[in-house]
Amino acid sequence: MTFKALVTAKTAEGVSTTLTDRELADIGEGDVTVAVEYSTVNYKDGLALSGGRIMQSMPMIGGIDLAGTVEASDNPAFKAGDKVILNGWGLSQTHNGGYAQKARVPGDWLIPLPRKFSTREAMAVGTAGYTAMLCVMALEHNGLTPARGDVLVTGANGGVGSIAISLLSQLGYRVIASTGRAAETDYLKSLGAAEIIDRATLSAPGKPIAGEKWAGAVDSVGSHTLANVLAQTKYRGVVAACGLAQGLDLPGSVAPFILRNVTLAGIDSVNTPREVRLEAWARLARDLDPGKLKSTVTEIGLADVPGVAAKILKGEVRGRTVVNVNA
Ligand code: NDP
């Protein structure tokens, strides 16, 4: 029996992604077969489908996230009918991903769908939202509380940014949103941002140390933006760095660390240990306002993925994109 899959392959011009029919025997190793219901489009999916160095071999089915129902399992932790989610690990890197109606994956990569979420809502969260939660947990782990002062979120309209704003405001923080899209002010305020700043104030080369503005920050942008965020962070503040939308470089100095005792916490969602994933998803179930999550979501079908993947690299996608693989 065949099913639909979106396959990215090398061509003479570069790479191309096409909707094809696949058979279960073709989709790779694993001890659990999942009937996929939803996937998502993250920035990393944009990179993968553009031929950026994400997929370690091709042809490959992209999609770093999936949620669905176990169809068959040789893994004692899962049985047919279980609802599951998968974020990261080898998906779309070394293993076929979520842009297909079926996936065959190692059960160790799966976690049970928290009861609070449907598979669609879990993918509205997706890697971007689960990464936002990892950032919030890192801020807390390093001592941040709402009483310490404002928290900055960069890349505010993006997936990580939108969900970080929702989570932080729900937890009682006063959130400052940095964006290049002032036209989305109402959206950002509806998520819980108290103040909006123009990202241009952070994106150019700045001083090694500057006036103290925020007690904490979630940065999905990197480069000069992260260097300036660090330079403007208050004494004993903490910054969680997860992204590179502006660039992979970090052209700053050690001044914020040695003069202001600032902590820079790195965030990786791909190889996060299982127990931390379970904690992050339990916290998402507790702390994410479902109404705000809903307002971030756009739903598309498999055939629409290449177009949205190209747009996300240009910073033109707002919030989260959910892929209904059966649409
Ligand atoms: P999105 O594209 O949804 O969001 C990125 C946002 O960054 C954009 O919406 C835009 O926000 C802003 N932005 C885009 N280009 C620039 C630029 N040149 N300069 C400054 N700001 C810019 O992506 P995601 O939210 O999915 O991911 C965000 C980042 O986090 C990516 O770099 C991604 O690779 C990384 N990431 C890392 C993870 C990890 O495990 N470490 C996991 C998930 C994501 P606005 O229009 O509001 O300015």
Side-chain angles (χ1 to χ4, degrees), residues 39-50 52-54 63-65 87-89 91-93 123-138 152-167 175-189 191 193 196-205 217-229 239-250 264-273 276-277 280 296-298 308-323:
S39 184
T40 73
V41 183
N42 299 276
Y43 190 88
K44 185 172 167 185
D45 295 308
L47 288 175
L49 268 60
S50 73
R53 281 174 288 170
I54 304 290
I64 65 168
D65 285 318
N87 307 113
W89 291 119
L91 289 196
S92 183
Q93 291 189 181
M123 289 295 94
V125 175
T127 283
Y130 140 72
T131 301
M133 190 73 238
L134 293 176
C135 291
V136 170
M137 286 161 57
L152 176 74
V153 174
T154 63
N157 275 292
V160 174
S162 293
I163 297 193
I165 293 168
S166 307
L167 284 169
V175 182
I176 315 294
S178 166
T179 182
R181 287 182 267 179
E184 299 291 356
T185 293
D186 288 348
Y187 166 73
L188 296 172
K189 290 205 163 164
L191 295 179
I196 315 295
I197 63 168
D198 185 341
R199 77 184 193 199
T201 61
L202 293 166
S203 58
V218 171
D219 178 62
S220 57
V221 171
S223 192
H224 291 294
T225 299
L226 178 55
N228 287 321
V229 169
V239 177
C242 71
L244 45 68
Q246 184 181 8
L248 195 59
D249 56 335
L250 179 50
L264 176 57
I267 304 297
D268 164 57
S269 66
V270 179
N271 295 302
T272 304
V276 182
R277 290 170 185 260
T296 71
V297 179
T298 306
V308 175
K311 280 176 78 178
I312 202 167
L313 292 183
K314 293 190 220 147
E316 291 173 4
V317 172
R318 189 185 87 173
R320 299 283 301 133
T321 305
V322 162
V323 183

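Ligands are counted one by one from 1 in listed order, and the atoms in each one are counted from 1 as well. For the single chain, residues carry numbers from 1 onward in sequence order.
- Here the side chains of V160 and C242 are in contact, with some heavy-atom distance below 4.5 Å.
- Considering backbone and side-chain N/O atoms, G159 comes within less than 3.5 Å of an N/O atom of ligand 1.
- Distances below 4.0 Å separate heavy atoms of T127 from the following atoms of ligand 1: 42 (C), 43 (C).
- Of the listed residues (A164, G158, G315, G129), the one carrying the non-hydrogen atom nearest atom 5 (C) of ligand 1 is G158.
- Taking distance alone, with nitrogen or oxygen atoms compared against 3.5 Å, G161 stays at or beyond that limit from ligand 1.
- In terms of protein heavy-atom proximity, atom 37 (C) of ligand 1 is nearest to C242 O, 2.8 Å.
- With values rounded to the nearest 0.5 angstrom, L152 atom CG is found 5.0 Å from I197 atom CD1.
- Contacts between T179 and ligand 1 below 4.0 angstrom, taking non-hydrogen atoms only, involve backbone and side chain alike.
- The side-chain contact (heavy atoms from CB on, under 4.5 Å) test with C135 singles out one residue from I163, V218, V239, V153, and that residue is V218.
- The protein heavy-atom contact nearest to atom 27 (O) of ligand 1 is Y43 CB, 3.6 Å.
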Report the C-alpha separation of I196 and T179 in whole Å, then their side-chain angles, then the decisive distance to 0.1 Å, and conclude whether the side-chain contact (heavy atoms from CB on, under 4.5 Å) test is met.
CA-CA 7 Å; I196 315 295; T179 182; 3.6 Å; yes

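- Comparing heavy-atom distances from atom 21 (N) of ligand 1 across K44, E184, R320, R199 singles out R199 as nearest.
- Annotation: side chain of V276 is in contact with side chain of M137 (closest heavy-atom distance under 4.5 Å).
- Of the N or O atoms in G180, one or more lie within a sub-3.5 Å distance of an N or O in ligand 1.
- Taking every heavy atom of L244 and a limit of under 4.0 angstrom, the matching atoms of ligand 1 come to 32 (O).
- At the top of the distance list for atom 2 (O) of ligand 1, counting protein heavy atoms only, stands I312 CG1, 3.2 Å.
- Considering T40, D45, D65 as possible partners of T127, the one that fulfils the side chain to side chain donor-acceptor pair (under 3.5 Å) test is D65.
- An N or O contact shorter than 3.5 Å is missing between V221 and ligand 1 by distance.
- Checked by atom type and distance alone, the side chain of D219 pairs as donor or acceptor with a backbone atom of G222 at under 3.5 Å.
- Side-chain atoms of H224 and L202, non-hydrogen and from C-beta on, never get closer than 4.5 Å to each other.
- Side-chain atoms of D268 come within 3.5 Å of backbone N or O of N271 as a donor-acceptor pair.
- In this structure, a donor-acceptor pair under 3.5 Å is present between the side chains of Y187 and S162.
- By the criterion of a heavy-atom distance under 4.0 Å, the backbone of I267, and not its side chain, is placed next to ligand 1.
- A distance of 8.5 Å separates OG1 of T321 from NZ of K311, quoted to the nearest 0.5 Å.
- Listed by number with element, the atoms of ligand 1 under 4.0 Å from a non-hydrogen atom of G155 are 6 (C), 7 (O), 11 (O), 12 (C), 47 (O).
- The distance from atom CG of L226 to atom CG of L264, rounded to the nearest 0.5 Å, is 6.0 Å.
- Atoms of ligand 1 found under 4.0 Å from any heavy atom of S220, numbered from 1 in the order shown, are 28 (C), 29 (C), 30 (O), 32 (O).
- Atom OG in S220 sits 12.0 Å away from atom CD1 in I267 (nearest 0.5 Å).
- In this structure a side-chain-to-backbone donor-acceptor pair under 3.5 Å is missing from S223 to T225.
- Proximity of S203 to ligand 1 is not established, as no heavy-atom distance is less than 4.0 Å.
- For the pair N42 and ligand 1, the shortest N or O to N or O distance does not fall below 3.5 Å.
- Residue contacts with ligand 1 include D268, since one or more of its heavy atoms lies under 4.0 Å from the ligand.
- When only interatomic distances are considered, the shortest N/O to N/O separation between R181 and ligand 1 falls below 3.5 Å.
- Summary of contacts: the protein heavy atom closest to atom 15 (N) of ligand 1 is A245 O, 3.8 Å.
- Side-chain atoms of V125 and R320, non-hydrogen and from C-beta on, never get closer than 4.5 Å to each other.
- For ligand 1, the atoms lying closer than 4.0 Å to a non-hydrogen atom of A156 are 47 (O).
- Nearest protein heavy-atom neighbour of atom 43 (C) of ligand 1: T131 OG1, 3.5 Å.
- In this view, R318 and E184 satisfy the salt bridge (Lys or Arg N to Asp or Glu O under 4.0 Å) rule, not counting sequence neighbours.
- Within ligand 1, the atoms closer than 4.0 Å to a non-hydrogen atom of V160 are 25 (O), 27 (O), 44 (C), numbered from 1 in the order shown.
- Polar contact check, N157 against ligand 1: a nitrogen or oxygen pair lies under 3.5 Å apart.
- In the vicinity of G243, heavy-atom distances shorter than 4.0 Å reach the ligand 1 atoms 29 (C), 30 (O), 32 (O), 35 (C).
- Taking any N or O of S269, backbone or side chain, at least one lies under 3.5 Å from an N or O belonging to ligand 1.
- Checking only distances, G319 never comes within under 3.5 Å of ligand 1, N or O to N or O.
- Considering backbone and side-chain atoms together, Q246 places no N or O closer than 3.5 Å to any N or O of ligand 1.
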